[in-house]
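As structure tokens, the structure follows; a few thoughts come after it.
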Amino acid sequence: MIFFAFINIAKTMASKQAAKCCVILQLLSLTLLVISVSSSTPSNSMNTIMEVNRKGPYIGLITVYPPEEDAFFSTGAFEINSHHPFVDLSGRRFRVGKVHGMKVIYVRCGIGMVNAAATTQQMVDVFEIMGIIHFGIAGNVNSSMSIGDVTIPKQFVHTGIWDWLKPNGTLPSDDIAELKIGSYNVPKGGVNLLGRIGFGYEQFFSQAGKPNNPQPLVWAKISRHWLRLAAKLEGMELQQCVNSSHCLPEKPKLVVGLKGSTSNIFVDNGAYRDFLFQTFQVSSVDMESAAVVMTSLSNGFPIIVIRGLSDLAGGQAGQNPIQIFGPLAALNAATAVIQFIKTLSHNPSQH
């Protein structure tokens, strides 16, 4: 009996010791996070971040450039946190507030994949985030879609990882597509010294995978449960007119489940537009989405992308109409974001 009593006492002591170790490890992790953030963050911002995170978690909202930001704020749906309205980090302003009662942190990342990835990583590292909604405008490369439509793609491909070869160069066996520049010579024939381009795949590092063991990735997939939730937005009302002088010929629509492409290239070329659609079957082109999606997925966070189609990516006869219809596309995308957050707020199990 004494022996068993001793064993029970030992177990109790071990349990208490394990609990203490667990608490110590949690405090250590928090301390390391604070140190990593505070090394480049002013103390007043650190205090604000800690106060903000105590009220979390939040939905992270990431858009790209001023017209998209203007469209989002023009909806009037964003309610600023009067006590802690924003945190400035690395030259960006992270705004704290609510949309339809859901706590959100909004930021404008800036144009391009590097800005998009850096902002997304900072968002999930610094703040208590439950998921990311990325939104803005995009070029339309699908003839069944129109300017003003909103696309919520199911997956994205990065079409900017190139092997640029000589005209007679050998394409790497693991490239996923090829663009022969000479095929677009006018008139036909001759050798084009720009040669050919092979499209490579991404290296995907995942929190759930082994360290330093990236997996090849062509299509970065949107979180399924959020995509299913987004399907409820199809049929929603979208704006058709910029003003009394500029209206779209047809009422815009929202489509869920197409494909999108991303690269650090603004596409305004009809031939390349057709190549992307025929080769990758994508419907939209932009300069940030794949980076936001990959960064979110790498860190284990839900992600969805909502893009309004602002132009035809070079498929038009004259000038690119982005200056005219870009604000309309941005507003339609922002309206869809607000509606998605409202739908998300009514489905807490999907957070």
Would you indicate whether [X], at its atom [atom1], is surrounded by more than 12 heavy atoms from other residues, nucleotides or ligands within a distance under 6.0 Å?
X	atom1	value
Lys342	NZ	no
Lys180	NZ	no
Glu79	CD	yes
Gln323	CD	no

Requested in this report: May I ask you to establish whether Arg93 and Phe86 are in a cation-pi arrangement, using a distance under 6.0 Å from NZ or CZ to the six-membered ring centre and at most 45° from the ring axis?
Outcome: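 Judged by the rule, Arg93 and Phe86 form a cation-pi pair.
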
Report task. Kindly indicate, with the supporting measurements, whether the criterion side-chain contact (heavy atoms from CB on, under 4.5 Å) is fulfilled by Ile132 and Met123. Result -> CA-CA 9 Å; Ile132 299 289; Met123 175 81 85; 3.8 Å; yes

Short side-chain donor-acceptor distance under 3.5 Å, [Y] and [X]:
X	Y	answer
Gln122	Ser90	yes
Lys221	Gln155	yes
Gln316	Asp268	yes
Arg307	Asn332	no
Gln121	Asp125	yes

Is [X] linked to [Y] within one hydrophobic cluster, defined over Ile, Leu, Val, Met, Phe, Trp and Tyr using a side-chain heavy-atom separation of less than 4.5 Å?
X	Y	answer
Ile152	Leu309	no
Met113	Ile62	no
Ile338	Val64	no
Val293	Val150	yes
Phe127	Phe301	yes

What are the two closest non-hydrogen atoms of [X] and [Y], and how far apart are they?
X	Y	answer
Met294	Gln203	CE-O, 3.9 Å
Leu227	Lys154	CD2-CB, 3.5 Å
Asn140	Ser283	OD1-O, 3.4 Å

Requested in this report: Using side chain to side chain contact (heavy atoms under 4.5 Å, CB included) as the criterion, point out the one residue from Asp286, Val285, Ile111, Ile322 that pairs with Phe266.
Outcome: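 With Phe266 as partner, Asp286, Val285, Ile111, Ile322 yield a single side chain to side chain contact (heavy atoms under 4.5 Å, CB included), made by Ile322.
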
Requested in this report: For Leu61 and Ile341, run side-chain contact (heavy atoms from CB on, under 4.5 Å): C-alpha distance rounded to whole Å, both residues' side-chain angles, the deciding distance at 0.1 Å, then the answer.
Outcome: CA-CA 10 Å; Leu61 305 179; Ile341 294 173; 3.9 Å; yes

**Report entry** Candidate pair Ile129 and Ile59, rule side-chain contact (heavy atoms from CB on, under 4.5 Å), full reasoning
**Finding:** CA-CA 6 Å; Ile129 297 297; Ile59 294 291; over 6 Å; no

Query raised in the report: Do Arg54 and Glu128 sit within salt-bridge range, that is, some charged N less than 4.0 Å from a carboxylate O?
Result: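 The answer is no: the pair does not qualify as a salt bridge.
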
Query - Criterion side-chain contact (heavy atoms from CB on, under 4.5 Å) on Phe280 and Ile176, from CA distance to verdict - result: CA-CA 10 Å; Phe280 297 99; Ile176 58 175; 4.0 Å; yes

[X] side chain vs [Y] backbone, donor-acceptor pair below 3.5 Å:
X	Y	answer
Arg273	Leu312	yes
Asn347	Thr343	yes
Ser206	Ala208	yes
Asn53	Val126	yes

Check: [X] ring centroid to [Y] ring centroid under 6.0 Å:
X	Y	answer
Phe78	Phe73	yes
Phe94	Tyr106	no
Phe275	Phe199	yes

Query raised in the report: Any idea how Trp164 and Trp162 line up, ring-wise: parallel (<30°), tilted (30 to 60°), or perpendicular (>60°)?
Result: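 Perpendicular.
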
Query raised in the report: Using 30° and 60° as the class limits, which term best fits the ring planes of Phe325 and His246: parallel, tilted or perpendicular?
Result: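 Because their plane-to-plane angle is over 60°, the rings of Phe325 and His246 count as perpendicular.
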
